[in-house]
Amino acid sequence: MKSLQKFCTLMQWVRETTSGKAALLVFLTVVLFAAFVWNICTGSTALPLKEALFAFLENDVESSYYRIPIYVRLPRGVGAMAAGAALAVSGSILQSVLNNALAGPSIIGVNAGAGFAVILTAAVMPSMSFFIPTAAFAGAMLASLLIWFIAARTGASRVTIILAGVAVNTILSAGIDTISTLFPDVAVGTGSFMVGSLSGVTISSMKFALVFIAVGLVAAYLLVEGINILALGEETARSLGMRTGLMRFVLLIIAAVLAGSAVSFAGLLGFVGLIVPHVARFITRGDNKMQILVSALVGASFVIICDCIARVIVAPFELSVGIIMSFIGGPLFIVLLLKKRRQVND
Amino acid sequence: MIELKNVSAGYRDREILHDISMVLPEKEITSIIGPNGSGKSTLLRVITSWIKTSRGEVLLNGKRIGEYSPREIARHIAILPQSREIPVTTVERLVSHGRFPYLGLSRKPTKEDREAVNEAMRSVGVWDMRHRQLSELSGGERQKVYLAMAIAQGTDYLLLDEPTTFLDISYQMEVMSLARRFADEGKSVIAVLHDISAALCISDKLIVLKDGAALACGTPQDILKSNVIGQAFGVDIGSYQQKDGTTGYYFIKKK
């Protein structure tokens, strides 16, 4: 009972005071940094940090202690961080824009839209890999707009939006399966792509996506007041002079850019865009500025930690990060739901 | 000044309001009453330009309302809609959103904005609960917080869409007495009310709507004399002297 009281006091301090918020951000940044270091040292070849640092400082380019971290694990860590942050912030935005706590990019077909476009591009234009992030964004955008259109046109209830999203998801997944069947040699390797994997990513293969993600994250942070106002509901937002249709559209584009960019190199990573915004909301309780920052940091840490576990849990084999994320994320989400329900009942 | 000139409006192919012309009374409480579906809420939405007119025009200070941007309108007219979310936020943060129409691109509130928010919270009586979560409050307390947000907008007009619905009698009286005070302080309060008795007691002017047409606009005494309420609702109105000397009203359905 005492520890619960202490926890509540701590959460109140974190939520309501500037020093608490700053401490939370510093703590999450430290966790992310530690996860990134773990990512450098972990894998089928164990890399003691001291040796890796030594090889790096000596510029010993022939040493595997130099080559593995720089050419394999650094890009992989950067990719994991970027994908995690992008999908988590995308989920946060979607949940606000569609006013629906179940609206994650993997649930309502945004990821599948991006995935379909990526597979299609890889199948019909295999030489134009540089086009993949743009195609992923376009696919994510089209799927988002379709859901938005259904929501706006029908005045659909929250459940209907999710069901419509699930239907869109199913159609696009069928499209992905069709292309995979017709083009078995498709370049992106559909098996790991479908569950989400960071195996083999390089800085050059994700450089466009990284730029899109950086722009998307900054834009999301700058438009956070718009998200705050939208969270008040359509009519109240309009009463305050917001062009709600335009704001929802702009935010939807940002969410699609973020999700599409992440999917373009990390595949269909599920759950992170659904769970992390809930975790962030649990911590921040409605401060959307903090919600975006915490989502980005927790999302980045979550994917990078899951990727490390995926590499060591059945070593020397490697699981796709998406599998680990589902195994950890699923139960975590259920715990969160139970906790929320208990709060409501209390 | 808000003036409606031969306004007809509605949703898609269904016209709700027909040929309404009036100048909204200023610095008073004006209640809009009428049977369900008579177009009361639609009238508020036309005034705020949420619904475009199919014929006629709405003028705000002599200029067509469509020529104002939504933010400019929000600096002149605050509206408390009927249906609202319960966002996860604190009272103070919610009230501070009332300054949204004034914020620049950086969205940073100025000292003046912060003072307006504090003043609004004190004025409505939610200052002591400013750090509490909105979800922890009762329906009546939440209504006052939203009212404080509308006051923080610093507008000349305050539009209330059924502000007392779902509130217990104590909060109904508190909300209406706040509306009275705001009108006395110089705001033009326009309220859609279902409670005709309350509307007759508290309003300076009444607008009676039926089937999208304005049957009458006048003081409660004029409206009572004309028996327009009886026509609109199909009821007979009786009155009685209350203990405090004020007049109460009761209604009997016409046979």
Side-chain angles (χ1 to χ4, degrees), chain A residues 8 11-13 15-17 20-21 92 95-101 153-155 157-158 219 221-247 277-278 280-292 294 340 343-344 346, chain B residues 11 41 44-45 47-51 68-109 130-136 145-146 149-150 152-153 155 157-161:
Chain A
C8 290
M11 291 312 288
Q12 199 173 5
W13 176 66
R15 285 166 188 153
E16 290 173 9
T17 64
K21 288 174 185 176
S92 266
Q95 286 174 9
S96 298
V97 171
L98 295 176
N99 198 8
N100 197 314
R153 193 76 187 171
T154 62
S157 70
R158 296 173 188 203
Y221 186 74
L222 292 178
L223 287 176
V224 76
E225 187 61 16
I227 299 174
N228 279 332
I229 301 292
L230 276 183
L232 305 179
E234 178 72 21
E235 293 214 320
T236 306
R238 289 181 78 178
S239 77
L240 295 169
M242 171 175 274
R243 293 178 198 270
T244 51
L246 180 67
M247 180 55 75
H278 281 278
R281 195 163 294 119
F282 175 76
I283 299 171
T284 61
R285 287 287 288 275
D287 180 347
N288 278 308
K289 195 175 268 188
M290 281 295 284
Q291 161 85 12
I292 294 286
V294 171
K340 219 172 182 178
Q343 275 176 353
V344 171
D346 290 347
Chain B
Y11 304 92
S41 297
L44 289 191
R45 280 157 180 71
I47 292 168
T48 53
S49 193
W50 291 4
I51 296 176
Y68 290 89
S69 72
R71 281 160 70 88
E72 284 171 335
I73 293 173
R75 289 179 208 162
H76 289 284
I77 305 169
I79 177 168
L80 201 63
Q82 195 184 345
S83 62
R84 289 188 297 276
E85 300 288 327
I86 307 172
V88 185
T89 188
T90 62
V91 168
E92 186 172 24
R93 219 179 287 148
L94 184 82
V95 177
S96 70
H97 290 323
R99 300 304 293 173
F100 181 76
Y102 299 90
L103 299 182
L105 268 181
S106 70
R107 306 289 192 232
K108 285 260 182 247
R130 64 189 182 281
H131 297 307
R132 289 177 65 189
Q133 283 287 324
L134 207 63
S135 55
E136 295 168 3
V145 174
Y146 272 101
M149 185 177 82
Q153 269 179 258
T155 57
Y157 287 87
L158 175 62
L159 276 48
L160 308 171
D161 194 356

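What's counted below: heavy atoms across the whole structure, side chains too, no hydrogens, waters or symmetry copies. Keep in mind that what you see is a predicted model, and the values were worked out from it rather than measured. Below, chains carry the letters A, B, ... as their sequence lines are ordered, and counting in each starts from 1.
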> Could you state the interatomic distance from CZ (A:R238) to CH2 (B:W50), rounded to the nearest 0.5 Å?
Replying inline: 6.0 Å
>> Which atoms of B:L94 are under 4.5 Å from chain A, going by heavy atoms: the side chain, the backbone, both sets, or neither?
In response: side chain
> Is there a side-chain contact between B:R45 and A:E235 (heavy atoms, below 4.5 Å)?
Replying inline: yes
> Does any heavy atom of chain A fall under 4.5 Å from the side chain of B:I79, the backbone, both, or neither of them?
Replying inline: both
> How far apart are the closest heavy atoms of B:H97 and A:I229, and which atoms are they?
Replying inline: ND1-CD1, 3.5 Å
> Shortest non-hydrogen contact from A:A231 to B:P87?
Replying inline: O-CB, 3.6 Å
>> On a heavy-atom basis, which atom in B:A74 and which in A:S239 lie closest, and how many Å separate them?
In response: CB-O, 3.6 Å
> So which part of B:E72 gets closer than 4.5 Å to some heavy atom of chain A, the side chain, the backbone, both or neither?
Replying inline: neither
> Can you tell if the side chain of B:R71 reaches within under 4.5 Å of the side chain of A:R243, non-hydrogen atoms only?
Replying inline: no
>> What part of A:N288 gets within 4.5 angstrom of chain B, counting heavy atoms only: side chain, backbone, both, or neither?
In response: neither
>> So, taking the atom named CZ in A:R15 and the one named NE2 in B:H131, what distance separates them when rounded to the nearest 0.5 Å?
In response: 16.0 Å
>> Just so I understand: if I count every heavy-atom pair under 4.5 Å between each of B:R107, B:R99, B:Q82 and chain A, which residue has the most?
In response: B:R107
> With a 4.5 Å heavy-atom cut-off, do B:P81 and A:T236 have their side chains touching?
Replying inline: yes
